[in-house]
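Written out below as structure tokens is the structure these notes cover.
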Amino acid sequence: MGHTSGTRNTPSVVDSAGQRWYGWDGASDSLWAATLRAMLRDDEMGLGAAGAADLLRRDPALRRAYRSAFGQAPADNEGLLVNLAKALAAWQSTLTSPRTAFDEFRDAFARNDLAAAARYPEAAQRGLRLFIGEGRCNLCHAGPRFTNGEFGDTGLPHFLPGGAVDAGRHGGLQSLLFSRFNRLGPYADDGGSGAGATRHVLATHRNFGEFKVPGLRGLSHTAPYMHDGKLPTLAAVLSHYNNINEERLHADGERILRPLGFSAAQLADLEAFLATLSTPLPDRRSSRQPPPAQPGVAPDRM
């Protein structure tokens, strides 16, 4: 997805199920709560509990779908709104990324099928070695989603237009802990038994300006990049980390980032590897469809 009219870049909802924290600042600890935030925020949907209830009452198809999913509507509008968010979250949880060239290479390598593994581009193989070796990218971008799901300072300014500051994870923790819609609240599906992480988090000074480590699957289709969408291309992201200003990073906490210092050829190899974490977008046109009204328009992004 692209950059919205807000202050943060819209993340993809693909592979969103099963995460610990949601949003660039981790202000939600479940997918349904993250969906609810979007429904409530004035700069997004701005629907509100009363608006959701009114919409449901006015639309017969929505009323039938709601009864089919939940039975009788709750007496209060807030409960109805939460149920709608949970229904939307259930659908979002089905959106998973497809297999990629990297997955084929990984599986071939695991079964010692060297002939199949050799079909993986040599540039991507060199980039993978840089990713898990000298670049140390896997310290944050680990696991099947290529993210540890946590937060860090990326060395980018976190000032907003007008001089305000985007507090990042620090502000997200405050929102999370004071929300009725977290996994400790009255709407938790498991009665709060699975809210161990939420129960023990604490906002500290180092959390200012930290943002969630994004997953890398499908990243070829999700430009622009970073929490504020300021970097337009993957090459720009790699250039940022290649020349990162360490003085912009927090002086406290664990120091992970450092300038990569890669050559142009190494950066090209790293980009070649990252490209194998995405699959080509399908061509939505066919010979039976009329040509687009505006030739040259870029294809839709995820």
Side-chain angles (χ1 to χ4, degrees), residues 1 4 6 8-41 44-45 82-100 102-103 137-154 166-185 187-203 207 210-222 225-229 256 274 277-278 301-302:
M1 294 183 179
T4 70
R8 291 182 180 160
N9 187 29
T10 306
S12 172
V13 296
V14 176
D15 295 330
S16 56
Q19 299 181 32
R20 177 179 291 179
W21 313 113
Y22 292 86
W24 285 107
D25 57 5
S28 301
D29 58 1
S30 69
L31 183 53
W32 69 262
T35 303
L36 187 62
R37 280 177 60 84
M39 296 167 73
L40 292 173
R41 287 176 62 95
E44 295 189 56
M45 294 177 65
V82 169
N83 281 347
L84 291 180
K86 290 183 177 181
L88 289 169
W91 173 75
Q92 291 174 81
S93 68
T94 68
L95 304 177
T96 57
S97 56
R99 286 182 63 82
T100 65
F102 168 77
D103 296 319
C137 309
N138 63 315
L139 294 182
C140 295
H141 294 285
R145 295 189 181 96
F146 289 88
T147 174
N148 59 10
E150 294 300 327
F151 303 80
D153 184 352
T154 62
D166 188 334
R169 179 59 167 157
H170 192 277
L173 282 170
Q174 292 179 321
S175 297
L176 170 70
L177 296 175
F178 285 97
S179 174
R180 286 172 47 79
F181 307 114
N182 62 30
R183 298 185 69 179
L184 297 171
Y187 298 106
D189 292 316
D190 54 11
S193 62
T198 304
R199 198 183 311 275
H200 298 293
V201 289
L202 178 68
N207 296 129
E210 290 186 337
F211 296 93
K212 189 176 179 183
V213 176
L216 300 183
R217 286 189 175 274
L219 83 167
S220 295
H221 312 311
T222 57
Y225 301 100
M226 314 306 279
H227 73 276
D228 54 6
I256 295 178
L274 293 174
L277 303 181
S278 305
R301 294 193 297 266
M302 290 173 62

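Across all non-hydrogen atoms, the minimal contact from G149 to W21 is O-CD1, 3.5 Å. Of all heavy-atom pairs between Y187 and K86, the closest is O-NZ, 2.7 Å. The two residues H221 and S278 make their nearest non-hydrogen contact at NE2-CB, 3.9 Å. Nearest approach of S93 to L31, heavy atoms of both residues: N-CD2, 4.0 Å. Residues Y225 and L219 approach most closely at OH-O, 2.5 Å, considering heavy atoms. Across all their heavy atoms, T147 and V213 have their closest contact at OG1-O, 2.6 Å.
Taking the charged nitrogens against the carboxylate oxygens, R217 and D103 do have a contact shorter than 4.0 Å, which makes a salt bridge.
Evaluated for a side-chain contact (heavy atoms from CB on, under 4.5 Å) with E150, the options R20, K212, E210 yield exactly one hit, R20.
Interatomic distance, CZ of R199 versus CG of L184, reported as 5.0 Å (0.5 Å rounding). For the atom pair CH2 of W24 and OG1 of T10, the computed distance is 10.0 Å after rounding to the nearest 0.5 Å. The distance from atom CG of L216 to atom CG of L274, rounded to the nearest 0.5 Å, is 6.5 Å. Atom CG of residue D153 and atom CG of residue N207 lie 11.0 Å apart, to the nearest 0.5 angstrom. Rounded to the nearest 0.5 Å, atoms CG (D15) and CG (L95) are 9.0 Å apart. Distance OG/S179 to CG/L40: 9.0 Å, rounded to 0.5 Å.
With hydrogens and angles ignored, the 3.5 Å screen pairs no side-chain donor or acceptor of S28 with any backbone N or O of S30. Checking side-chain atoms of R169 against main-chain N and O of D25 turns up a donor-acceptor pair under 3.5 Å. Within the 3.5 Å criterion, the main-chain N or O of T35 finds no donor-acceptor partner in the side chain of Y22. T94 places a side-chain N or O within donor-acceptor distance of the main-chain N or O of W91, the cut-off being under 3.5 Å.
Using a 4.5 Å cut-off on side-chain heavy atoms (C-beta onward), P214 and H141 make contact.
With hydrogens and angles left out, the side-chain atoms of N182 and T198 include no donor and acceptor closer than 3.5 Å.
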